[in-house]
Amino acid sequence: MSTPADAQRMEKIVSLCKRRGFIFQSSEIYGGLNGLWDYGPLGVELKRNLKNYWWRVTVHERDDVVGMDGAILTHREVLKASGHVEGFSDPMIDCRTCKAHFRFDQLIEKKGVKQCPNCGGKDLTDARQFNLMFETHVGAAADESSIAYLRPETAQSIFVQFKNSLEVSRKKLPFGIAQIGKAFRNEINPRNFTFRSREFEQMELEYFCRAEEGMKLLEYWKEERLKFYENIGIPREKLHVKTVSDEERAFYSKGTYDIEYDFPFGQQELEGVAYRTDYDLSQHQKASGKSLEYFDEVTKQRFIPHVVEPSAGVDRTVLALICEGYAEDQAPDEKGKMETRLVLRFHPRMAPIKCGIFPLLKNNEGLVAKAKEVVDLLRPHMFVFYDESGAIGRRYRRQDEIGTPFCVTVDFETLGEKDEKLRDTVTLRERDSMKQERIAISDLLAALSVRIA
Ligand code: GAP
């Protein structure tokens with residue numbers, strides 16, 4: 001259950017996201033487009049760090065996974081075969097009093113009577129199925145034959161390219177095909193900031209296997225995915241694994257887990273890990289008339305592989321990282337008086353900017369030149385930010401608020417003016433503990449690289 005304090009926390013998070021350039025309402029100057037968001041200068045870095053880390057551990061650090069990047073516009077027949085044209089819909093209700101539209105499961109019920117969650121009205125239409133796919137036309141003719149869809153999940157292009165990917169990669173079962181990319185759903189009620197959007201990104205892996213390996217691999221991937229979240233700074237105790245019941249599960253799935261996170265607005269899904277059996281490949285083989293079988297050279301058998309699918313949302317994970325990182329604590333100001341500090345405690349691996357670099361004074365040539373040398377040293381290896389304006393304490397606060405894990409200050413000791421032994425050393429300040437250590441510039445790159453890897 002979320003409390004008024006949680007709602008207030010969420011409001012502060014949304015406001016910080018806009019103020020510091022993480023996330024903006026899309027088309028804001030025209031009044032905004034509901035359910036669509038733009039990532040600003042810092043949001044795009046955070047998102048990229050997340051996607052790059054997922055790609056690294058899912059594709060680059062494994063021998064059994066290859067990547068792909070499929071088209072967004074999708075052939076109608078693909079989505080007919082997958083069942084999306086017929087069945088990818090939510091039951092929708094209109095409130096005749098306030099004219100709002102809702103998913104059936106969002107209605108509130110009082111004394112057995114369904115009511116509008118917006119105005120409490122009881123004059124509601126019957127539920128009708130609303131297909132969530134965005135339809136468009138490819139080419140000049142806008143008729144039945146030119147209908148295509150913006151993909152509602154990245155998975156289908158992986159299934160459709162299964163044979164090509166298998167042949168070029170020469171992988172043996174079990175092996176996976178990974179993809180990160182946009183997906184589109186015309187959600188009836190986009191809500192909770194970016195949590196339920198109409199355009200979002202997914203990080204999906206289709207891990208193909210023999211039928212007898214399916215259930216074991218479902219467990220394996222659930223554990224791998226939990227480890228992933230811990231490695232990006234989401235603690236295990238904030239994650240929950242929900243076993244999706246037989247009634248809720250897709251009819252072709254033999255087992256599905258939802259990995260959920262404690263958002264300020266409640267415990268909600270971050271990712272689904274599903275054992276989809278051989279349903280998708282079988283459907284595409286049937287509809288296309290092309291063989292999608294795997295040939296086992298040892299047993300000389302041909303069969304359609306089964307698949308286990310961990311499917312994560314990029315935007316939901318970015319939102320979880322921001323919610324998890326957001327903190328208010330106490331820190332001394334310039335005069336040593338305690339004040340409230342706003343800080344995003346991102347894991348250094350995810351932080352948009354890795355290191356802030358400051359000359360103690362902006363009008364001292366020696367300090368500025370040395371600080372710029374440090375920038376040149378680190379910049380090829382990580383995203384750094386040079387800042388010379390304002391008191392040092394203010395500069396630290398600005399970096400704390402955007403989650404920069406380290407700051408380096410170049411002072412008179414760096415120039416050897418106080419103690420020759422301290423020449424070419426700087427202070428390295430850590431965001432969470434606010435501890436400062438003196439470190440040689442020549443050791444800086446190695447010290448930071450291990451901490452942000
Ligand atoms: N291929 C399987 C699939 O698409 P899904 O549970 O519908 O399964 C997977 O979606 C993930 O995509 C979700 O766990 C969520 O993280 C993300 N996702 C789905 N719909 C979303 C939406 N409207 N806005 C943001 N993320 C969404």
Side-chain angles (χ1 to χ4, degrees), residues 23 26 33-37 39 47 50-51 54 68 70 72 74 78-79 82-84 87-90 103 105-106 130-134 149-160 162 176-208 218 221-222 225-226 228-229 232 234 239-242 244 248-250 252-253 255-261 263 265 267-277 279-281 283-284 307-323:
I23 302 170
S26 184
L33 203 47
N34 198 9
L36 296 159
W37 302 94
Y39 287 77
K47 209 178 184 196
L50 170 66
K51 291 191 285 185
W54 185 90
M68 73 163 278
I72 285 170
T74 306
V78 169
L79 295 162
S82 65
H84 286 86
F88 194 57
S89 52
D90 275 344
R103 286 207 326 254
D105 63 0
Q106 292 176 311
F130 175 76
N131 193 298
L132 300 179
M133 285 199 297
F134 284 98
Y149 298 98
L150 303 194
R151 64 182 178 193
E153 60 175 8
T154 72
Q156 293 308 320
S157 56
I158 300 183
F159 296 129
V160 170
F162 164 74
I177 305 175
Q179 176 164 215
I180 299 179
K182 291 269 188 180
F184 303 81
R185 298 182 189 177
N186 196 3
E187 298 285 355
I188 298 167
N189 266 146
R191 69 207 150 112
N192 290 331
F193 198 19
T194 57
F195 180 83
R196 193 175 298 285
S197 310
R198 289 182 165 140
E199 174 176 339
F200 55 95
E201 273 185 277
Q202 292 183 314
M203 305 182 281
E204 296 200 296
L205 169 68
E206 304 303 325
Y207 196 75
F208 299 98
L218 176 67
W221 279 109
K222 179 201 41 162
R225 298 303 306 147
L226 288 169
F228 174 87
Y229 289 110
I232 60 171
I234 299 185
L239 296 167
H240 307 275
V241 177
K242 180 179 130 190
V244 180
E248 286 177 286
R249 218 168 49 220
Y252 49 79
S253 166
T256 301
Y257 293 118
D258 283 346
I259 298 179
E260 300 184 334
Y261 169 72
F263 285 98
F265 44 84
Q267 185 181 315
Q268 298 278 350
E269 178 186 329
L270 275 182
E271 163 158 3
V273 185
Y275 172 24
R276 294 173 74 127
T277 65
Y279 173 77
D280 301 273
L281 289 182
Q283 287 293 102
H284 289 303
V307 74
V308 173
E309 175 200 66
S311 171
V314 174
D315 307 76
R316 284 189 188 178
T317 310
V318 164
L319 186 56
L321 289 172
I322 295 173
C323 292

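Counting convention: from 1, in listed order, for ligands and their atoms alike. All residue numbers in this chain count up from 1 along the given sequence.
- For D315 and Y39, the side-chain atoms include at least one donor-acceptor pair closer than 3.5 Å.
- Shown here are the side-chain hydrogen bond (donor to acceptor under 3.5 Å, both in side chains) partners of Q202, two or more places apart in sequence or in another chain: there are none.
- Here the heavy atom of the protein found nearest to atom 8 (O) of ligand 1 is S311 OG, 4.0 Å.
- From the protein, the heavy atom lying nearest to atom 25 (C) of ligand 1 is F195 O, 3.1 Å.
- Between the side chain of R196 and the backbone N or O of N189 there is no donor-acceptor pair closer than 3.5 Å.
- A donor-acceptor pair is defined here as one N or O able to donate and one able to accept, closer than 3.5 Å; no such pair exists between the side chain of N34 and the backbone of R198.
- Using a 4.0 Å cut-off to heavy atoms of E269, the atoms of ligand 1 that qualify are 6 (O), 13 (C), 14 (O).
- Summary of contacts: the protein heavy atom closest to atom 18 (N) of ligand 1 is F200 CE1, 3.5 Å.
- Heavy-atom proximity to G313, at under 4.0 Å, picks out these atoms of ligand 1: 16 (O), 17 (C).
- Proximity annotation for atom 7 (O) of ligand 1: of R185, R151, E153, R185 comes nearest, heavy atoms only.
- Ranking the protein heavy atoms by distance from atom 10 (O) of ligand 1 puts Q202 NE2, 3.4 Å first.
- Residues satisfying the side chain to side chain contact (heavy atoms under 4.5 Å, CB included) criterion with V160, sequence neighbours excluded, are V78, H284.
- Within the structure, the closest approach of D315 to ligand 1 does not fall below 4.0 Å when heavy atoms are considered.
- Side-chain contact between L79 and P152 is present, with heavy atoms from C-beta onward closer than 4.5 Å.
- Close approach to E309 involves these atoms of ligand 1, each under 4.0 Å from a residue heavy atom: 1 (N), 2 (C).
- Counting only distance, with no hydrogens or angles, the side chain of Q179 and the backbone of T154 share a donor-acceptor pair below 3.5 Å.
- Heavy-atom contacts of G272 reach the following atoms of ligand 1: 14 (O) (cutoff under 4.0 Å).
- Less than 4.0 angstrom separates some heavy atom of E271 from each of these atoms of ligand 1: 14 (O).
- The protein atom (non-hydrogen) at minimum distance from atom 15 (C) of ligand 1 is R316 NH1, 3.4 Å.
- The closest side-chain donor-acceptor pair between Y252 and Q283, if any, does not fall under 3.5 angstrom.
- Heavy-atom contacts of L270 reach the following atoms of ligand 1: 14 (O), 15 (C), 16 (O) (cutoff under 4.0 Å).
- Residue E204 approaches ligand 1 through these ligand atoms, each under 4.0 Å from one of its heavy atoms: 1 (N), 2 (C), 3 (C), 4 (O).
- Of all atoms in ligand 1, numbered sequentially from 1 with element shown, those under 4.0 Å from a heavy atom of S197 are 22 (C), 23 (N), 24 (N), 25 (C).
- Under the 4.0 angstrom criterion for non-hydrogen atoms, R276 is in contact with ligand 1.
- Residues E153 and S311 have side chains that never bring a donor and an acceptor to within less than 3.5 angstrom of each other.
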